[in-house]
Amino acid sequence: MALYLLYESASGYSLFLAGGLDEIGQNTDAVRSSVTDFNRFGKVVQLAAFSPFESALEALKQCNSISEGQMADELRNFLEINLPKVKEGKKAKFILGVSEPKLGSHIHEETKIPCQSNEFVLELLRGVRLHFDKYIKNLKTGDLEKAQLGLGHSYSRAKVKFNVNRVDNMVIQAIFLLDTLDKDINSFSMRVREWYSWHFPELVKIVNDNYLYAKVAKFVDDKSKLAEDSLPGLTEIVGDEDKAKEIIEAAKASMGQDLSPVDLINVKQFAQRVIDLAEYRKTLYDYLVAKMNDIAPNLAALIGEVVGARLISHAGSLTNLAKCPSSTLQILGAEKALFRALKTRGNTPKYGLIFHSSFIGRASARNKGRMARYLANKCSIASRIDCFLEKNTNAYGEKLREQVEERLDFYDKGVAPRKNIDVMKAALENSEKKELEMDVDDAPDEPSVKKSKQKKSKAQGAEDGEAMEEDKTPAVTNGDAFDEPETEKKKKKREKRKLEEESEKDRATEDANGDNGLTAEDGTAKKKKKKKSRDEDGETLTGSSEGKKKKKKKSKSKDDE
């Protein structure tokens, strides 16, 4: 059976025919020893076909499809043209050797060409790669290296752009810079305190905050020049008038030494640098919050932006964090303690970076380990949702946070928490509702227009003298309508009651005597009712009004009984 080899180079697709394998024997060691010698290898493996790429863009497209294990249309045409045709219902008399098993399975699914990828085929392809420039006669020296370099650069650039998960690198750099700024601002603020305390030592006890101390030191400058005129400026910085007065009084009776103008200038410049660093730290924190809400909104809603960013940076990326099991996520950041405990056979740590979460601090001492395990479980779920969900929503993180709150109540008060499946269903409904709210147009305005049209039609009908029962019934129930309709209706009701009472008495006497059916008086009474209603209203009563009368009769008969 013939063996064809598919080799994908930076310059194009090539197909090689491996013959005389019986002489070498399908032994990997024998092939490996004969690969380096082109005189021997060229007799066994010969070039069957070569199809160069038209441009660098085409080469990049083919390279991307092969790396994903997909067969492009160009590769399919190349194989169908240059390989022997296989008749339907018969087995192929050749095998195609490929370097990628996924690509081989896809070729076999699409074209029914039998493919093979094993160590023997890979050794043959290694020899093809080594002597490829000798097979292509028109290829100049250095052209293949240039094509490989250009394709490698464009492929890497396209991969970096295509990989959306690499955006979390911004979060990793931001949290590293934030931690570094915290350390630097703290050390610089202590340096400002020590430096300026030589001139104004009493200010340290009055102003405790580092940022405010630097601003006050820059504002005061020389304490001997501080007077009542600077009270509004000090009040604006400190935020408290009493404290500003206290600073002025302390400056008057200060025990500090005087500084030269040059020293004061240096102190002021350094204080300004500390102020700028503190303000930049605030803007960096806002940037981190915004990036976390874009990249990992559910993790940020569950555990906070800073702790979530530390988890991502420690894992290396959001994808790596999503791949971590919850037991690993629980002790991220406590690797030294873990390996020390394993070495000394002591107790392993209960928590790592998630210790900085407020949930661990709120739990009691005996429940901290339980809470850390439960929180790590929810963080693992949230990170996987953020990594693999296409939509950008924090509905799941909010619901997971509610679950952690319920678990805290369960440990403290014994309140039973909800099940996870119910919470996830509620989160799914909330995310769908948010999407619907975002897509809502001006559709709700149409019903109001219809209602206004109906009201207008009713008002016009009332002006034309049409009798509408729906408009008349509220007038009876409320009693706030005109007097004339009320008096007429009251009279009608009284007459109806009298007639109904007489008919009921007649029925009772007939039932007592054993007679059934309606009397003549009852029939005449009904006719009178119909005549009166026609004379007064001008219209016959509808079926709904008759139904109401029957209901009233039944209720009245029950009352009489």
Measuring from atom [atom1] of [X] to atom [atom2] of [Y], what distance do you get when rounded to the nearest 0.5 angstrom?
X    : Y    : atom1 : atom2 : value
L375 : S380 : CG    : OG    : 11.0 Å
F388 : T319 : CZ    : OG1   : 6.5 Å
E432 : T393 : CD    : OG1   : 10.5 Å
E8   : R129 : CD    : CZ    : 9.5 Å
I136 : L47  : CD1   : CG    : 5.0 Å
L284 : T180 : CG    : OG1   : 10.0 Å

Check: [Y] and [X] side chains under 4.5 Å, non-hydrogen atoms:
X    : Y    : answer
N420 : Q403 : yes
I331 : T348 : no
Y287 : L177 : no
L83  : L15  : yes
L6   : F78  : yes
C379 : L302 : yes
R310 : D179 : yes
I175 : I312 : no

Where do [X] and [Y] come nearest, in terms of heavy atoms and distance?
X    : Y    : answer
I172 : G316 : CD1-O, 3.1 Å
S189 : V274 : OG-CG1, 3.7 Å
L17  : A2   : CD1-CB, 4.2 Å
A72  : S65  : CB-OG, 4.0 Å
A341 : N347 : CB-O, 3.3 Å
R407 : P417 : NH2-CG, 4.2 Å

Regarding K61 and E54, does a basic nitrogen lie under 4.0 Å from an acidic carboxylate oxygen? no

If the threshold is 4.0 Å, N to carboxylate O, is there a salt bridge linking R401 and E398? no

Worked verdict on K413 versus L408 for side-chain contact (heavy atoms from CB on, under 4.5 Å): CA-CA 8 Å; K413 304 173 186 177; L408 271 175; over 6 Å; no

Donor-acceptor contact present, side-chain [X] to main-chain [Y], <3.5 Å:
X    : Y    : answer
K268 : K218 : no
S357 : I360 : no
N64  : L60  : yes
D168 : L318 : yes
D386 : L299 : yes
Q116 : V121 : no
N298 : Y396 : yes
S14  : Y7   : yes
S117 : V98  : yes

For [X], does the [atom1] atom sit with more than 12 other heavy atoms under 6.0 Å from it, leaving out its own atoms?
X    : atom1 : value
I421 : CD1   : no
R273 : CZ    : no
K102 : NZ    : no
D422 : CG    : yes

Donor-acceptor side-chain pairing of [X] and [Y] below 3.5 angstrom:
X    : Y    : result
S187 : R191 : no
E68  : H106 : no
Y13  : E74  : no

For M190 and R193, run side-chain contact (heavy atoms from CB on, under 4.5 Å): C-alpha distance rounded to whole Å, both residues' side-chain angles, the deciding distance at 0.1 Å, then the answer. CA-CA 5 Å; M190 294 304 296; R193 284 173 179 269; 4.1 Å; yes

F38 and Y135 aromatic centres sub-6.0 Å: yes

Qualifying residues under salt bridge (charged side-chain N to carboxylate O under 4.0 Å, His left out), relative to K350, sequence neighbours excluded: none

Given N266 and W195, is the side-chain contact (heavy atoms from CB on, under 4.5 Å) satisfied, shown in steps? CA-CA 10 Å; N266 284 311; W195 200 349; 3.8 Å; yes

Side chain to side chain donor-acceptor pair (under 3.5 Å) partner of R281, chosen from D276, D182, D286: D182

Indicate the ring-plane relationship of Y4 and F94, choosing parallel, tilted or perpendicular according to the 30° and 60° boundaries. perpendicular

Under the side chain to side chain donor-acceptor pair (under 3.5 Å) test, which residues partner Y211, sequence neighbours left out? E279

Report the C-alpha distance between K378 and I303 in whole Å, list the side-chain angles of each, state the deciding distance to 0.1 Å, and finish with yes or no for side-chain contact (heavy atoms from CB on, under 4.5 Å). CA-CA 9 Å; K378 299 305 171 187; I303 203 171; over 6 Å; no

